[in-house]
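For reference, the structure is listed below as structure tokens.
Every chain is numbered from 1, with letters handed out A, B, ... down the list of sequences.
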2 protein chains.
Amino acid sequence: MKKPLDYTLIKKDIRSKARRGAITTPHGTVQTPMFMPVGTLATVKFLSPEDLYKIGSQVILSNTYHLWLRPGEHIVKQAGGLHKFMNYDGPILTDSGGFQVFSLSQIRKIEEEGVAFRNHLNGDKLFLSPEKAIQIQNDLGADIIMSFDECPPYPATYEYMKDSVERTLRWAKRGQLAHQRPDDQALFGIVQGGSFTELRHHSAKSLVEMDFPGYSIGGTSVGEPKEVMYKMIDDAIEFLPEDKPRYLMGVGSVDAIFEGVLRGVDMFDCVLPTRIARHGAAMTTQGRVNIKNNKFAEDFTPLDPACDCEACQNYTKAYLRHLIRCNEGLGMRLLSIHNLRFLLKLMEDIRLAIEEDRLLELRDQVYEAYELHETKSGF
Amino acid sequence: MKKPLDYTLIKKDIRSKARRGAITTPHGTVQTPMFMPVGTLATVKFLSPEDLYKIGSQVILSNTYHLWLRPGEHIVKQAGGLHKFMNYDGPILTDSGGFQVFSLSQIRKIEEEGVAFRNHLNGDKLFLSPEKAIQIQNDLGADIIMSFDECPPYPATYEYMKDSVERTLRWAKRGQLAHQRPDDQALFGIVQGGSFTELRHHSAKSLVEMDFPGYSIGGTSVGEPKEVMYKMIDDAIEFLPEDKPRYLMGVGSVDAIFEGVLRGVDMFDCVLPTRIARHGAAMTTQGRVNIKNNKFAEDFTPLDPACDCEACQNYTKAYLRHLIRCNEGLGMRLLSIHNLRFLLKLMEDIRLAIEEDRLLELRDQVYEAYELHETKSGF
């Protein structure tokens with residue numbers, strides 16, 4: 001059997017669990033740790049693939065649930081898969097749809113077989129199972145795909161979480177058996193277990209026994225305090241093998257990225273940078289900027305003088321403010337480009353800092369700019 | 001005095017009044033006849049200047065009324081003018097604001113001095129006069145600017161139109177006197193007169209006496225039948241000098257462009273190509289296409305195989321349909337790029353056809369594709 005994914009460990013940080021690596025996929029090799037822009041409906045909102053290449057995007061993420069509903073996975077399959085459908089030539093990752101089933105649909109019923117729910121667009125009855133989630137992802141054809149899991153809210157009781165973890169493990173096994181393209185699509189197992197160390201350990205060990213080409217950490221960023229999330233990451237990673245990539249799902253704030261990297265996470269994604277961009281919030285080397293603020297009305301300097309993106313190189317704060325205030329698509333596109341470039345550049349800096357043994361120093365510098373002192377963890 | 005604009009007549013069509021020319025502005029020389037994309041709020045919706053250069057955009061148009069309200073002309077002036085504010089290095093044209101005052105505001109009072117009205121955003125009382133319209137345009141700093149005019153609806157009585165034309169002529173004179181940058185901004189006079197030949201002639205002759213560097217034809221496309229519009233154009237142009245450009249305001253349908261070119265029009269603009277694009281309508285060499293149509297769900301061919309734009313070169317109808325159905329900004333951007341490229345390419349074809357004495361043949365070909373036989377005029 002051909003391997004669909006290969007993780008190479010390039011360097012370990014001397015003072016933390018951070019690691020510099022590379023992941024090889026059927027659509028090229030990418031450098032880790034990395035941030036993955038989210039393209040929910042087979043488009044990173046307002047950006048073209050050309051825009052993504054320019055800002056140094058590597059893997060992008062797309063959502064199985066959303067593509068299942070629109071346009072339908074059969075259409076993407078007929079197009080020749082997601083890469084051809086959206087014309088993106090880099091690696092693509094799809095999630096399993098589980099998170100959306102639990103976060104977007106009001107009515108749902110979790111059974112051993114799967115989850116019955118009504119879709120968020122027109123209320124139609126739908127049923128998603130581990131096998132269905134894999135079939136859809138096989139049709140979409142992403143390089144990296146996810147097991148179907150339950151993502152319980154925080155807090156949950158130990159009893160509920162234990163049952164959920166066991167069921168999610170059975171679902172992971174069923175997904176693995178249903179997977180039709182193990183040669184060119186890497187199926188990741190997802191570590192769950194909420195805030196319970198024992199359950200996180202059990203989930204991780206059981207998945208490792210099933211031998212996935214990579215492991216995700218799920219069930220974080222669901223309302224828990226940051227320190228709890230950091231402990232969840234520690235607990236999830238403790239028993240994961242060194243030669244496989246680790247993906248912290250749905251996390252992309254600056255401090256959570258640093259704390260994740262310091263704990264050995266390789267992959268991050270988050271919809272926040274592009275979502276807040278569309279409302280005028282920019283992530284900059286000087287911290288968060290709300291471009292709609294009156295004080296920028298006559299500010300003819302760049303959004304972030306340290307940034308090399310299209311928005312910062314060609315336009316002023318005054319112009320960007322004007323565009324966002326007028327709900328102009330160009331403004332949303334430029335701020336989305338900027339926020340993604342900010343995070344992609346941050347990851348480039350993090351990778352270099354690991355190589356040069358100065359990751360903690362970089363973390364301190366960035367936290368100072370962001371005034372994030374209070375959230376610094378043990379490292 | 002330096003001339004702000006220079007029109008060079010390159011070739012006259014042998015079978016019509018069409019003319020191939022060039023207009024030199026402080027921001028470069030452009031080829032006519034030409035179509036000018038509309039960038040209402042200092043942005044052609046969803047497109048960057050880079051996108052505009054790529055599709056062969058020459059002059060773009062921006063709206064004085066909208067920029068007066070947001071961000072305010074003082075901010076654009078402080079930025080160094082519209083070119084710097086929006087980072088567009090080609091020629092820019094601004095209208096006078098008159099059309100928007102008459103079309104967007106509900107409450108208005110026309111006086112000799114100007115027009116009192118309430119703005120369409122928050123209902124604030126405003127007053128626009130010929131002098132104010134020129135002052136705003138002087139601050140915006142476009143290469144080509146417009147006289148403040150009244151644009152009466154169709155139909156209007158002869159008596160109303162006569163009074164209006166006379167007032168608009170007095171306004172044109174006042175604007176000319178108020179113009180503070182005659183060396184680097186070309187102020188056009190606007191021929192009005194509705195459907196009355198005598199008034200169109202009177203308006204044109206009077207403006208020519210005032211000696212403007214270019215002349216616009218206003219008061220068309222306000223509800224009149226197409227044959228009436230074509231006659232308005234004939235009547236307006238009859239007494240315009242050969243050595244000055246003629247601009248047919250707000251007109252950009254394929255047939256109206258041909259009919260205008262055949263009558264000697266050099267410049268066109270219209271918001272329609274970008275507006276319909278955002279709703280999924282594409283102008284193609286095979287006629288109008290509604291991309292939302294179900295029949296394109298599994299159509300993996302380009303929108304227009306004959307088109308060289310980013311949308312047609314990189315994406316399928318199925319993907320564009322998906323994007324537009326999901327209200328994705330990338331879809332609106334790609335269809336806007338396509339429709340503008342379609343019209344800019346059409347103008348390139350028209351210019352070449354004039355040079356090669358086959359304009360009527362081109363017109364017939366294009367009409368056939370668009371099924372526009374019935375609207376063909378005398379030529």
Side-chain angles (χ1 to χ4, degrees), chain A residues 39-52 54 66-67 69-72 74-80 82 84-89 121 274 278 294 296-300 310-311 313-334 336-337, chain B residues 39-52 54 66-67 69-72 74-80 82 84-89 121 274 277-278 296-300 310-311 313-334 336-337:
Chain A
T40 299
L41 278 157
T43 167
V44 176
K45 289 194 189 304
F46 290 91
L47 271 68
S48 67
E50 198 57 44
D51 293 330
L52 291 166
K54 271 190 209 162
H66 291 286
L67 293 173
L69 301 189
R70 292 183 301 180
H74 61 291
I75 286 179
V76 177
K77 185 183 185 181
Q78 272 190 74
L82 206 41
K84 289 209 172 138
F85 184 59
M86 67 181 291
N87 194 34
Y88 188 73
D89 203 35
L121 294 176
T274 40
R278 298 195 295 277
N294 276 335
F296 301 124
E298 303 179 15
D299 185 335
F300 302 108
E310 187 178 339
Q313 293 292 312
N314 296 332
Y315 305 96
T316 62
K317 289 197 201 76
Y319 183 62
L320 295 171
R321 174 177 181 272
H322 164 67
L323 292 178
I324 292 289
R325 277 182 76 218
C326 297
N327 288 314
E328 287 287 347
L330 178 61
M332 302 188 193
R333 174 163 169 253
L334 289 173
S336 297
I337 285 175
Chain B
T40 299
L41 278 157
T43 167
V44 175
K45 288 194 190 306
F46 290 92
L47 271 67
S48 67
E50 198 59 43
D51 293 330
L52 290 167
K54 270 189 210 162
H66 291 287
L67 293 173
L69 301 189
R70 292 184 300 181
H74 61 291
I75 287 180
V76 177
K77 185 184 184 180
Q78 272 190 74
L82 206 41
K84 289 208 170 136
F85 184 60
M86 67 181 290
N87 194 35
Y88 188 73
D89 203 33
L121 295 174
T274 41
R278 297 195 296 277
F296 301 124
E298 303 179 17
D299 184 335
F300 302 108
E310 187 177 340
Q313 292 293 310
N314 297 332
Y315 306 95
T316 62
K317 289 196 200 77
Y319 184 61
L320 295 171
R321 174 176 180 273
H322 165 67
L323 293 178
I324 292 288
R325 277 182 76 217
C326 297
N327 289 315
E328 287 287 349
L330 178 61
M332 300 187 194
R333 174 164 168 253
L334 289 173
S336 298
I337 285 176

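- In this structure, the separation between OG on Ser48(A) and CD1 on Ile337(B) is 8.0 Å, given to the nearest 0.5 Å.
- Leu330(A) contributes atom CG, which lies 8.5 Å from atom CE of Met86(B) (distance to the nearest 0.5 angstrom).
- Rounding to the nearest 0.5 Å places OG1 of Thr43(B) at 10.0 Å from CZ of Arg333(A).
- For His66(A), no part lies under 4.5 angstrom from a heavy atom of chain B.
- For Arg70(A), the parts lying under 4.5 angstrom from a heavy atom of chain B are both the backbone and the side chain.
- Contact of Met332(A) with chain B is not made at all, since no heavy-atom distance falls under 4.5 Å.
- Interface summary for chain A: among Gly72(B), Ala297(B), Gly80(B), the most heavy-atom pairs under 4.5 angstrom belong to Ala297(B).
- Proximity to chain B (any heavy atom under 4.5 Å) is restricted, for Glu328(A), to the side chain, taken from C-beta onward.
- For the options Val76(B), Leu47(B), Thr316(B), heavy-atom pairs under 4.5 Å to chain A are most numerous at Leu47(B).
- In this structure the side chain of Leu67(B) reaches within 4.5 angstrom of the side chain of His322(A), judged on heavy atoms.
- Distance check: Ile75(A) CD1 to Arg321(B) CZ gives 6.5 Å after rounding to the nearest 0.5 Å.
- Both the backbone and the side chain of Tyr319(A) have a heavy atom closer than 4.5 Å to some heavy atom of chain B.
- Only the side chain of Tyr315(A) comes within less than 4.5 Å of a heavy atom in chain B; its backbone stays farther off.
- Between chain B and the residues Ala79(A), Ala318(A), Gly329(A), the largest count of heavy-atom pairs under 4.5 Å involves Ala79(A).
- Within a 6.0 Å sphere centred on NZ of Lys77(B), other residues, nucleotides and ligands contribute 12 heavy atoms or fewer.
- Only the side chain of Leu323(A) comes within less than 4.5 Å of a heavy atom of chain B; its backbone N, CA, C and O stay farther away.
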